[in-house]
Amino acid sequence: MRAVVLALTVALVVPEFAPDKTYVYNYEALLLGGLPQEGLARAGIKLNSKVHLSAINENTFLMKLMDPLIHEYAGIWPKDPFVPATKLTSALAAQLQIPIKFEYANGVVGKVFAPAGVSPTVLNLHRGILNILQLNLKKTQNIYELQEDGAQGVCRTHYVISEDPKANHITVTKSKDLSHCQERIMKDVGLAYTERCAECTERIKSLIETATYNYIMKPASAGVLIAEATVQEVHQFSPFNEIHGAAQMEAKQTLAFVEIEKTPVVPINADYLARGSLQYEFATEILQTPIHLMKISDAPAQIIEVLKHLVENNVDMVHEDAPLKFVQLIQLLRFSTMENIEAIWAQFKDKPAYRRWLLDALPSVGTPVIVKFIKEKFLAGELTLPEFIQALVVALQMVTADLDTIQLTASLAMHEKIAKIPALREVVMLGYGSMIAKHCVAVPTCSAELLGPIHEIAAEATSKNNIPEITLALKVLGNAGHPASLKPIMKLLPGLRTAATSLPLSVQVDAILAMRNIAKKEPKLVQPVALQLVLDRALHPEVRMVACIVLFEAKPSVALVSSLAGALKTETNMHVVSFAYSHIKSLTRITAPDMAAVAGAANVAIKLMSRKLDRLSFRFSRALQWDFYHTPLMVGAAGSAYMINDAATILPRAVVAKTRAYLAGAAADVLEIGLRTEGIQEALLKSPAADESVDRITKIKRTLRALTNWKDLPNNQPLASAYIKLLGQEVAFVKIDKTIIEEAIPLATGPKPRQLLKAALKALQEGIALQYAKPLLAAEVRRILPTAVGVPMELSLYTAAVAAARVNVQATITPPLPEEIETMTLEQLKKTDVQLQAEARPSIALQTFAVMGVNTALIQAAVMARGKIRTITPGKVTARADILKGNYKVEALPVEVPEHIAAMSFETLAVVRNIEEPTAERTVPLVPELAVQNSQTPADYLSSENPDEVPVRAPAPFDKTLCLAVPYIEIKGCVELHSHNAAFIRNAPLFYIIGQHSARATVARAEGPAVERLELEVQVGPRAAERLLKQISLIDEETPEGKAFLLKLREILETEDKNRPVSSESSSSRSSSSSSSSSSMSSSRVTKVRTRNIMFSLDQTLMFITLFCLQYLAPHGASKKVSSGSSASSFQRIQKQAKFLGNAVPPVFAVIARAVRVDHKLLGYQLAAYFDKPTARVQLVVTSIAENDNQKICMDGALLSKHKVTAKLAWGPECQQYAVTAKAEAGVLGEFPAARLELEWERLPITVTTYAKKLSKHIPMAAFQAGFRLERVMNSEKEIELTAALPNQRSLNVIARIPEMTLSRMAIPLPFAIPINQDGSLSIQIDEDILSWIQKHIKEE
């Protein structure tokens, strides 16, 4: 026998099944999903059966399953047992036991035959068994590799054949790498616009698939017999790097020989039809969502039932499960026929609520039936234009892009009714291009004939010089991104074709941009074309810069980038140089793996270019790239911005911004927005504004005049254009020309706006009650893969949301408005008292599902992550505007609040359900609470080879409730937190995520008197003092009462200083007097740094208020030289004249914010603003209106001269505890115009000083990175000074003095010119109304 075995090893023959014999095998198939660690939940199925095989003739065989039994599993692995799915087995027993035919020759399975009564799902189970029999054995090699056909496609397979002399058998090991296949059987949904980032998955992968087959083959009288075959297949997936943990689907098969019987397998009396080959055949799982399993017996009735549930339960507020019901509605519509949808539409089209839900659900169905339905209903006049555009845009993005759907879209685009509405035709045409792009992703060998109609449109439009049609055709070709379109596009590129130079600049730019999607597929075709355009100096600079964008998106080699860098050395156009240099430099910092080669090339090229180009200001064209990529988690984001300027005008020619995202080995251009001022630029170039000899202010004046003369522009020339792209596909664009402006002006100034205003006001007075709900299927991303068992596994992500709101608005206008509103005068409007009452109850529910597992129409077994968010934010307000009295009031009234205003939950589950018992699903948390995760004893652990497997008990869930009571208004908000994860198993991101997490927010009344309402009142004018609820006064330090108060306050502050905690650093520094001195000085300096950040915005606000109030005053005379001492003394002198302006002048306006309680206790704050015109002083005082509360905030500012302004912020009891003074001056420092800002303080809160100390540690590094020079000097301890000087209008010198250091940087380039004269005065007067200034200067010259 040993001799026979050795002979078989050398010349192995394939397995054979002798005629007139039936080979009986035991078969078991197992498919489980979950995390590989034991003690966690898993979900799966198991199939047990006997398999009978017998030959009909030499190459045709019959296979029959006997006594099949299906089990399902959802439990803690491996503790819980499988549960027999008795009802499902009974329902499928008849199908499962129907014999099938198959061709089998030389170990290779050929065609498969089965009666029509065998469903694709059951036939795929048979394919799982036949897949075991697939053996490509070579007679001359024991170890070899080949691409082998199987149930999952044609994949790389490695064979190892060895002998076991002792057991007298041959062992065959076959391993498959399912990640490397010539032809992979799978279906993707929602991934057509994503790009595979091959570089992201070179070292680490998010999805790993492999299968191992082991055969024991024994010699038999007829040849070789498969004694036993075992299969183990693993699909491992993680959204992060797999080293941080991954979920997996594990398939196991066992086929063990039992005996040989004489009774042959007999086929049933039916026609055996050819049902394909060994490769998996997709059934209805494409239409079946994995998040629920529905038995569809009467689709129309079930649709109506779900539709009624959605309409009736989302009126006042959104139902918690509304998103899930919306997904159910979409699934039912996917199984419906055209006749069913027609009937439902006819029943509900006249009911607004039902109609809206249907029109929101139908586009998301994504079947060709829906596109046909939408088309027919629009042509029949049953859909309005907005309804049709919304439905069509979504439907074209969701529908499966097959040839029939593409032809349907083409016929829709060419329909005469669509052609009459240009905007609608553009939407359809852009969708047509996107459809072709999706089809070519699914079918890489897609025919170029699909774009034939667009090529013909482009050729005809070019011959007729039809610019809008050429533009549309180019955008469609850009969306399609087919390499066959490159030749038609090149005919419209300048420099490559002489005819293209006569086309408008906008067409040339669109032609270049149309190559971007082609560059993603065939970069080698686009790179030389783009480089030639960039280097052609005869072309317009904008064309060259746009070509530069396309060149770098095509990922050029280091040779091409170096060639570009070398050519730029002699380039004369500084805009092109600046754009290309900034683009190359920004690429040197890119970290995304797919751009690594380009980043390397850019680092080489940047060394060939002059560093002087770094000093070019932002008035030259720029390209900016930014990205972040975290390799361990395989996530990242990138952004790019392009600004193309023109030397002759102040407006940029074009601005483009784009965002890109990376996740789990895929990349996508999420959003792109572009704006071009094409016609405006050309008009400006023809105007005197283009004169380079004039200064910038004159350019601005001439530009404004040119823009007002838009009527002189030609009708066919667009003034500006904009476009928007989603996921790399242009979905909309608009061109603004003279015709559009002429049509828009009558709409804005004609009778229609007045009619709409009149109707709106009438409706408000009668009362408006709205109830609205809007659903959205935000994401549906799926990948369906066959397993060795013959059952499909699915990776999917679903996100659905529903927003609902109820709004009631009622207005009361006294006296009533006249019938003809347009006759109403301003004086009548001033005498109008308007009261408005509004109540709203908006709510949102969102649900997200991430699923990995089995998804068929018969059974589902999966691990699922489910997230839910629900918010309800009711509100009721009243508002009143008494224009005559200058009184404006808003009140927030109590409303009924739900138990939880916001609830969020996230949980991971193992779920199993079958169609025969859809309501008896079994759900188990993926991470059981308080479960022993490892049953090893300590001795077992010490002897374990894997030290990571620590025996540990799952910790108790984290539960905490955080509450905060809002003082005065007696409202308490609480957040309840719950969390339980699997981080006790492994310290990795995935294990922190899985488990159960929830957070719920509640708002309720706190203990104390109830609040009737919250009020915010503004009183403007002379009556402001009357509205103040508490008299405002400030203590004068010169009076006896003031001195006594200050003395008492000083004692309190000294006590506070003594009780302050001393830091360890300060304690240790007391060992020597020098260290102590240094420490105290450092502490005070750190305090000042933080103060600048805290107080600058408040002081700046006060300065702007001062400037606003003084815009019509004549400036006070003062020296233009910087003198902080004189500023301080002047301000102090003004303050001494009147400590509190309220004693001399009435408030300009008052603001009162308060809570009205049932006990009538005054609670809240009031603000009074005072303005003293003679001294150019503004004072704001904020006080508490509560009794015995003397806390105040005082802001005091004065415009000391045209060049100086000073402000002081003080707060605490009587505004005496803390104070910060800010001084801003403008003038001449040396020879240059300069401005200086100073911050001074005496005392600051301990919180400010603590954080300032922490912040000061980072200043040196931040200064170094920003290019500042740092010098350690002993500056004033309680002062920060910032001085900025302008050597010229486009550069800036900055010196910042802070305690302990001085920072400086010279010649900082500015993005625009600063209109300041050499004497320090502004070219634009700040004390003039800007509109008057514009009108006056436009009329000059």
Side-chain angles (χ1 to χ4, degrees), residues 27-36 42-49 65 68 70-73 77 82 96 109 112 119-134 148-157 174-181 183-188 207-214 229-237 246-255 276-286 288 290 782-796 851-863 910 912 914:
Y27 175 69
E28 180 177 282
L30 173 68
L31 188 60
L32 273 179
L35 270 71
R42 297 191 189 182
I45 60 173
K46 184 171 71 171
L47 172 64
N48 292 95
S49 176
L65 304 185
I70 301 173
H71 297 77
E72 56 186 31
Y73 187 86
W77 181 262
F82 281 85
L96 288 169
V109 178
V112 178
S119 66
T121 301
V122 172
L123 187 58
N124 285 328
L125 292 174
H126 288 84
R127 287 190 173 98
I129 302 172
L130 295 178
N131 193 52
I132 300 175
L133 304 180
Q134 182 84 346
E148 183 180 82
D149 194 6
Q152 292 112 324
V154 181
C155 299
R156 181 190 297 174
T157 308
K174 180 175 73 171
S175 59
K176 285 192 172 186
D177 184 355
L178 301 176
S179 300
H180 293 83
C181 298
E183 179 187 352
R184 185 71 162 98
I185 306 298
M186 66 179 180
K187 287 283 186 181
D188 285 340
L207 178 61
I208 300 175
E209 305 170 279
T210 184
T212 303
Y213 297 72
N214 292 298
T230 58
V231 181
Q232 185 172 14
E233 181 179 275
V234 175
H235 301 259
Q236 182 173 283
F237 174 78
Q248 70 177 28
M249 288 292 294
E250 184 179 15
K252 292 183 178 181
Q253 291 174 285
T254 304
L255 188 67
S277 63
L278 180 61
Q279 291 187 353
Y280 181 88
E281 178 187 352
F282 285 98
T284 56
E285 57 264 27
I286 300 173
Q288 175 74 40
R782 306 171 66 188
R783 170 162 287 181
I784 306 171
L785 304 162
T787 63
V789 177
V791 175
M793 67 159 284
E794 178 170 333
L795 297 165
S796 58
V851 183
M852 179 179 186
V854 176
N855 176 34
T856 70
L858 302 174
I859 190 170
Q860 292 177 341
V863 288
V912 66
N914 68 73

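Computation of the quantities below employed the complete heavy-atom set of this structure, encompassing side-chain atoms and omitting hydrogens, waters and symmetry-equivalent molecules. Just so you know, residue 1 is the first one in the sequence shown, and it goes up from there.
Checked for salt-bridge contact, Lys176 and Glu233 miss the test: no charged N lies under 4.0 Å from a carboxylate O. With salt bridges taken as basic N to acidic carboxylate O contacts below 4.0 Å, none links Glu285 and Lys187.
Minimum heavy-atom separation, Glu72 to Ile859: OE1-CD1, 4.1 Å. Scanning both residues, Ala246 and Gln236, for their nearest heavy atoms gives CB-CG, 3.3 Å. The minimum heavy-atom distance between Met249 and Leu31, with the atom names listed, is CE-CG, 3.7 Å. Minimum heavy-atom separation, Leu178 to Cys181: O-SG, 3.4 Å. Ala43 approaches Ala861 most closely through the heavy-atom pair CB-C, 4.1 Å. The minimum heavy-atom distance between Ile784 and Ile286, with the atom names listed, is CD1-CA, 4.3 Å.
Residue Glu250 holds its CD atom at 10.5 Å from NE2 of His235, rounded to the nearest 0.5 Å. Once rounded to the nearest 0.5 Å, the distance linking CZ of Arg156 with OG of Ser179 reads 9.5 Å. A distance of 11.5 Å separates CZ of Phe282 from OG1 of Thr121, quoted to the nearest 0.5 Å. In this structure, the separation between OG1 on Thr212 and NZ on Lys174 is 10.5 Å, given to the nearest 0.5 Å. Taken to the nearest 0.5 Å, the OG1 atom of Thr210 stands 11.0 Å off from the NE2 atom of His180. Between the CD1 atom of Ile70 and the CG atom of Leu125 there is a distance of 7.0 Å, given to the nearest 0.5 Å.
Between Arg184 and Glu209, the closest side-chain pair of non-hydrogen atoms falls below 4.5 Å. Between Leu47 and Val789, every side-chain heavy-atom pair lies at or beyond the 4.5 Å cut-off. Using a 4.5 Å heavy-atom cutoff, the side chains of Glu794 and Val851 are not in contact. Contact of the Ile129 side chain with the Leu65 side chain is registered, since non-hydrogen atoms from C-beta on lie closer than 4.5 Å. A heavy-atom distance below 4.5 Å is found between the side chains of Val154 and Gln279.
Using modelled atom types and a 3.5 Å distance limit, the side chains of Glu281 and Asn124 yield no donor-acceptor pair.
Tested against Gln152 for a side chain to side chain contact (heavy atoms under 4.5 Å, CB included), the candidates Leu278, Leu785, Asn131 yield a single pass: Asn131.
Between the side chain of Arg42 and the backbone N or O of Pro36 there is at least one donor-acceptor pair closer than 3.5 Å. Judged by distance alone, with hydrogens and angles left aside, the side-chain atoms of Gln134 form a donor-acceptor pair with the main-chain N or O of Val109 at under 3.5 Å.
Using the six-membered ring where Trp is involved, Tyr73 and Phe82 have ring planes that are tilted, between 30° and 60° apart.
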